[in-house]
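Chain letters run A, B, ... following the sequence lines, proteins first and then strands; every chain starts at 1. Quick caveat: nothing in here was measured; it's all calculated off a predicted structure.
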2 protein chains.
Amino acid sequence: MALARQYAGGANGNRSLERGIEILRAFRPGVDTLGNGEIAERTGLPRSTVSRLTKTLVAFGMLDEVRTERTYRLAAAVLSLGHAVRMGSPVLKVLGPLMRAESTRRRLNVGLATADRAMMVYLESIRYNPRPTLRSIVAGQQVPMELTSLGRAYLAGLSDGERDRLLVKFRRRNAAATKTLIAEVQKSIRSVRRDGYCAVSWQPGVLAVATPIVIQGLPVYALNMSVQDIEPTEALGAEIGSYLVAFAARCKGALSGP
Amino acid sequence: MALARQYAGGANGNRSLERGIEILRAFRPGVDTLGNGEIAERTGLPRSTVSRLTKTLVAFGMLDEVRTERTYRLAAAVLSLGHAVRMGSPVLKVLGPLMRAESTRRRLNVGLATADRAMMVYLESIRYNPRPTLRSIVAGQQVPMELTSLGRAYLAGLSDGERDRLLVKFRRRNAAATKTLIAEVQKSIRSVRRDGYCAVSWQPGVLAVATPIVIQGLPVYALNMSVQDIEPTEALGAEIGSYLVAFAARCKGALSGP
DNA sequence: GAGTAAATTTCACTTAGTGGAAACGAGGGC
DNA sequence: GCCCTCGTTTCCACTAAGTGAAATTTACTC
């Protein structure tokens, strides 16, 4: 889209690489396979260019060709890069075990996320379930930043400039309900400033509470705790919030420790 | 390395994109952070080129800059792409639930993998543990193709040409024990042809058994089952092998069905 | 605070990437 | 079964975009 004409990127940056990445990004949950045509449409790139770039991406293991339908799919190499992200994250290395213990102790979901553009990406999401067999860990899942406690806590942890740049994106994305939405976001951010956490019930029957983790020199992270199948009340939010704030303090200690 | 001089890639392919991908690939478990210098060394690319490409990768969310140490780390966007791989895999969608059930039923580990270059990448690896809390699912982990049952089963599922190309790589990688190793690999492949599975004890105390899953128009996959803390005997391999072959048959049925 | 090592930007060069148009190939309808 | 149409890939001349050596700036050491 924005990439289409005249290479607006401006400064210095490698156009072909940018385009290749944008092609990879066109694949996401729900968009499993794409043909060159669809890619061209979604990215705004000329068809011949897409054809060449997908060829390179296949040759280098980032895409698999589904010959029968003349279409492409993300390849296994991408998954192993994703795994490397998790293995290489010092924050996850320290917080992972703490989060698992805390999830069991408090009997609720615990998640750690950071941002990719205007989405939050779970580095780890521990789903608590009374039946141990059904507990699970998910990573890489995306949730919208402006609608979730996780995202709003993240925003609260950013510098003013970075936050403002993102707020603009939300306006574009959610053209209709903008006014209310931005007010909601601001309210959550104030809540983080005041109480250390914000509580949001994004999905019906789920109450989520989140807090930012700011570490010098690293991206901002956000921790959350959530419970399902419960009436989301102010009091419950405050209770989980107090657990979360205490937990986050321990986390920050562990991170700055050794 | 191979990329260095004169763009050996030859045919048509986008050099900058190739290089960018190769930079991403330089990060893997154990290589958490890399500076531009190290990247240049590992990839054989000129330093200025690396400098520019990493800048692009940062701008497009694939790398995070660790300013304090003038170094880079894979970013969250890569993780969410990895997640998209799993969500978009029709094979995993069908086999995932079957694998989980089978792991519980047989009380052993069940894995599904495919190849990235000369490594096998787990799409899903279900680790059975008597204590339900300690069961886990891992995805994206890599294991060497030539040393594992998974990899050898995969090789058995390939066409002759593709297999030969990989065998050459093993020779390079394992210059010393080549002769014995290749013989071992061949033996495993014959075992797959004869019995439908091959058994390998790659890590001490772990017996793994694998079988290929070949589906027209898709990459070759391999299924495995494994048990820990047990004396790896021929008889045990045969027993697990029979479970695996039966399970694989069910899997193939489920895949070709609806 | 000067010296050293590394990363980044500059700059002129030219190769490598581009996109329009032509060729090719796969489905679908008649 | 053949022809037509739509989508994809290849070709080709053009030139802008990417390149790498050298200069500059930046960070770190003694």
Side-chain angles (χ1 to χ4, degrees), chain A residues 1-24 26-27 31 33-60 62-73 216-218, chain B residues 1-24 26-27 31 33-60 62-73 216-218:
Chain A
M1 288 193 164
L3 281 177
R5 305 285 147 197
Q6 80 194 359
Y7 192 26
N12 38 8
N14 188 299
R15 187 169 62 158
S16 314
L17 180 52
E18 292 179 355
R19 291 172 161 191
I21 294 172
E22 221 48 50
I23 288 176
L24 290 179
F27 294 85
V31 187
T33 61
L34 288 172
N36 280 335
E38 289 167 293
I39 296 174
E41 230 169 286
R42 282 163 196 264
T43 56
L45 298 172
R47 315 195 132 202
S48 49
T49 301
V50 171
S51 197
R52 265 175 280 124
L53 292 178
T54 51
K55 182 179 281 191
T56 302
L57 289 169
V58 169
F60 277 65
M62 309 305 279
L63 291 179
D64 280 335
E65 209 172 345
V66 187
R67 284 223 175 72
T68 54
E69 5 172 317
R70 309 202 122 226
T71 182
Y72 301 94
R73 166 176 282 137
Q216 182 58 17
L218 288 184
Chain B
M1 284 191 167
L3 281 176
R5 303 286 148 197
Q6 79 195 359
Y7 191 28
N12 37 9
N14 187 300
R15 186 168 64 157
S16 313
L17 179 52
E18 292 179 356
R19 290 171 162 192
I21 294 171
E22 220 48 51
I23 289 176
L24 289 179
F27 295 85
V31 187
T33 62
L34 288 171
N36 279 334
E38 290 167 291
I39 295 173
E41 231 169 283
R42 283 163 196 264
T43 56
L45 299 172
R47 306 183 143 223
S48 50
T49 300
V50 171
S51 199
R52 264 175 281 124
L53 292 177
T54 51
K55 181 178 281 191
T56 302
L57 289 169
V58 169
F60 277 64
M62 308 306 278
L63 292 180
D64 279 336
E65 209 172 344
V66 187
R67 283 226 174 70
T68 54
E69 7 172 314
R70 309 203 121 225
T71 184
Y72 300 94
R73 166 175 284 136
Q216 182 57 16
L218 289 184

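Comparing atom distances between the A/R70 side chain and each of C/dA26, C/dT18, D/dA27 picks out C/dA26 as nearest. When distances are taken from the side chain of B/T49 to each of C/dA6, D/dT26, D/dG20, the shortest belongs to D/dG20. The nucleotide whose nearest atom lies closest to any side-chain atom of B/S16 is, among D/dT9, C/dT8, C/dG17, C/dG17. With distances taken from any side-chain atom of A/P46 to the nucleotides D/dG20, D/dT9, C/dG19, the minimum falls on C/dG19.
Side-chain atoms of A/R19 and B/L17, non-hydrogen and from C-beta on, never get closer than 4.5 Å to each other. Taking the side chain as every heavy atom from C-beta outward, B/R42 and B/V31 approach each other to under 4.5 Å.
Formation of a donor-acceptor pair under 3.5 Å by the A/T56 side chain with backbone atoms of B/N14 is found in this model.
If you take CD of B/E41 and P of C/dA7, they are 10 Å apart, rounded to a whole angstrom. Atom CG of A/L45 and atom P of D/dA17 are 14 Å apart (whole Å). The CZ atom of B/R52 sits 10 Å away from the C1' atom of C/dT8 (whole-angstrom rounding). We find that CG of A/N14 is positioned 5 Å from P of D/dG18, with the value rounded to whole Å. For the pair A/E18 CD and C/dG17 P, the interatomic distance rounds to 14 Å; values are reported in whole Å. Between the P atom of D/dG18 and the CZ atom of A/R15 lies a distance of 6 Å, rounded to the nearest Å. When the C1' atom of C/dG17 is taken as reference, atom CZ of A/R47 falls 20 Å away, rounded to whole Å. Rounded to a whole Å, the CG atom of A/N36 is 13 Å from the C1' atom of D/dT10.
Note that the CG atom of A/L53 and the CD atom of B/E18 stand 10.5 Å from one another [nearest 0.5 Å].
Scanning atom types as modelled, no donor and acceptor separated by under 3.5 angstrom connect the side chain of B/R19 and the base of D/dG18.
Base contact: A/S48 has a heavy atom under 4.0 Å from a base atom.
In summary, of the residues considered (B/L34, B/T49, B/I39, B/N36), a side-chain contact (heavy atoms from CB on, under 4.5 Å) with B/I23 occurs for B/I39 alone.
The phosphate of C/dA7 (OP1 or OP2) has no side-chain N or O of B/K55 nearer than 4.0 angstrom.
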